[in-house]
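Reckoned from all heavy atoms, side chains included, excluding hydrogens, waters and symmetry mates. Order of the sequence lines sets the chain letters (A, B, ...), proteins ahead of strands, with each chain counted from 1.
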There are 2 protein chains.
Amino acid sequence: MTADEWSVLMRAPLFKAMGLEITRSLVQTRSTRAYARGERIFQQGDPADALFLIIEGCVKLYRERESGEQVVVAIFAAGETFAEAAMFLSGDYPASAEAVSPSRILRIDGNALRHTILQQPQLAFAMLAAASLHLKHLLEQIEQLKVQSAPQRIAIFLLKQVSVTSGPADVALPYEKALIANRLGMKPESFSRAFAKLREFGVIVERDSVHIRDVARLTKFTAVSNDT
Amino acid sequence: MTADEWSVLMRAPLFKAMGLEITRSLVQTRSTRAYARGERIFQQGDPADALFLIIEGCVKLYRERESGEQVVVAIFAAGETFAEAAMFLSGDYPASAEAVSPSRILRIDGNALRHTILQQPQLAFAMLAAASLHLKHLLEQIEQLKVQSAPQRIAIFLLKQVSVTSGPADVALPYEKALIANRLGMKPESFSRAFAKLREFGVIVERDSVHIRDVARLTKFTAVSNDT
DNA sequence: CGATCGTTTGATTACGTTCAATCGTTGTGG
DNA sequence: CCACAACGATTGAACGTAATCAAACGATCG
């Protein structure tokens, strides 16, 4: 692993909580692997025996239906860990993971991790915090699916990519629109139309870059029940 | 606590994993409390300092919107624990909890629990397993909201209450239909209509008891994309 | 007995899907 | 180098599902 990779690694909350020494003991030379765009990392139903950290690139987590349809549940970016908790249950991944862009991904072996937790129990707190954060995000997603319209969900997605709280902002869409659409629970056609509706709220789309005229105005739109 | 209460307690996976001794150390005489129907257990945004086990009754977990609207995210029954993971994150409950029926609920103090985990690290595995199970359920719920129709979601809900895999079955609806509707992400009116549509698949509703003519047939209905 | 609450039913509207065609960009092979 | 496929994105028209507004129904409780 390069120094750059290590710096990404140690910025992740889970490994920061572990400390440098423990992290080093869990990370072997052959721990990181490159994945091509579209390559699968694990499949729903596989025995869950590891957790992952994205060094570079991004990963979609999705459920596979019998029909072959994919339902995207989360999209993770560089610096984020995923699949932390699955290994502690029955032992099967409840979803599949696939690289959305060319990625470098670190794999932490489950057995080694469990062993380390027994020796360093405070590590369990970091694991539980990570799981708790994912729970919170899923709660938010469920809330959005249940009560927010398609344009509102898009607005929320955009605002999450923005750091400022008011005034203008520019956002670069991080991946294909069809993927974002799936993640937000709508068809690509609906996504396109819903996005167009945001024009009246000062959102200008051009290619994969989005300009928001006033972040505060868009934020306000996400809160109203009657979107007009 | 009565012997009955102890037996419920020790059947819960989390406490079974703890063992009798540790459980006893965490459970004080004044640990259980009765809640009236509609009484709140904790509120979204409150400092998360405890986890709960339902000895008797049931509890809804919901997000509160600024508008005052409630979005039900999960409903727990007797024997189940909830809010295990929240205390390990920032420290605020990401949702509110309220007793749906008169309930007896056991409260486990967060600080005591954290202390115990440090002494008995294998307890962390049980906590992580509990969190993992909730994660899985939320994933399933998201999938359902995204790709299943209202009648299908109702069918799935009914089938979860049933033990047999084929043939006829009877289900007693465990709480108000409006609550189930909210949990499934629809309005009470839509719930009523969607339920009526299930008649053609051998589902007969009468008051709060439901008769399923053939469980296998209804299961098949939940899998199809074109519901006819 | 009348009030209230939960549920159902009816009519209408709004939203997102579906199917289909088009457009623009990218990339490839002749 | 250009032509043409291939893909992602957009647009259009028709459809279906669930939401909304409103009323009626039935059971329960005071």
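Each of B:Lys146 and B:Ser192 has a nearest nucleotide on DNA chain C; the 5'-most of these lies closest to B:Ser192. Each of B:Arg193 and A:Ala194 lies near DNA chain C, and the nucleotide nearest B:Arg193 is the one positioned closer to the 5' end.
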Nucleotides 23-30 of chain D: which of its N/O atoms have a protein N/O under 3.5 Å away?
unit_1 : atom_1 : unit_2   : atom_2 : d
D:dA27 : O3'    : B:Arg207 : NH2    : 3.0

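In this structure A:Arg193 satisfies the side-chain hydrogen bond (donor to acceptor under 3.5 Å, both in side chains) test with no other residue, sequence neighbours excluded. Considering only residues two or more places apart in sequence or on other chains, A:Thr81 meets the side-chain hydrogen bond (donor to acceptor under 3.5 Å, both in side chains) condition with A:Glu84. Under the ring pair (Phe, Tyr, Trp, His ring centres under 6.0 Å) criterion, B:Phe15 pairs with no residue, sequence neighbours left out. Residues forming a side-chain hydrogen bond (donor to acceptor under 3.5 Å, both in side chains) with B:Glu64 (at least two apart in sequence, or on another chain): B:Gln43, B:Ser96. Legend: residues meeting side-chain hydrogen bond (donor to acceptor under 3.5 Å, both in side chains) with B:Glu189, ordered by chain and number and at least two apart, are absent. Judged as a ring pair (Phe, Tyr, Trp, His ring centres under 6.0 Å), and not counting sequence neighbours, A:Tyr35 has no contacts. Under the rule for a salt bridge (charged side-chain N to carboxylate O under 4.0 Å, His left out), A:Asp92 has no partner lying at least two apart in sequence or in another chain.
Nucleotide D:dA19 holds its P atom 15 Å from the CD atom of A:Gln148, rounded to whole Å. Between the CZ atom of B:Phe191 and the C1' atom of C:dG6 there is a distance of 12 Å, given to the nearest Å. Summarising the geometry, the separation between CG on B:Leu145 and C1' on D:dT17 is reported as 15 Å, rounded to the nearest angstrom. Here C:dC15 presents its C1' atom at 12 Å from CD of A:Gln152, a figure rounded to the nearest Å. Residue B:Arg199 contributes atom CZ, which lies 11 Å from atom C1' of C:dT8 at whole-angstrom precision.
Every pair passing salt bridge (Lys or Arg N to Asp or Glu O under 4.0 Å) that includes a residue from residues 140-159 of chain B is listed here, sequence neighbours excluded: A:Arg63-B:Glu143, A:Arg65-B:Glu143.
A ring pair (Phe, Tyr, Trp, His ring centres under 6.0 Å) with A:Tyr93 is found for exactly one of A:Phe42, A:Phe82, A:Tyr62, namely A:Phe42.
For A:His134 and A:Phe76, the ring centers sit closer than 6.0 Å to each other.
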Return a table of donor-acceptor pairs under 3.5 angstrom between the side chains of residues 171-178 of chain B and protein atoms on other chains or two or more places apart.
unit_1   : atom_1 : unit_2   : atom_2 : d
B:Glu176 : OE2    : B:Arg37  : NH2    : 2.4
B:Lys177 : NZ     : B:Arg207 : O      : 3.0

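Taking five base pairs at each end of the helix from C:dC1-D:dG30 to C:dG30-D:dC1 and finding the rotation axis that steps the C1' atoms of four pairs onto the next four gives two axes whose angle is 20°, to the nearest 10°.
For the segment residues 172-189 of chain B, the set of residues with a heavy atom within less than 4.0 Å of an atom of DNA chain C comprises B:Glu176, B:Lys177, B:Ala178, B:Glu189, in numerical order.
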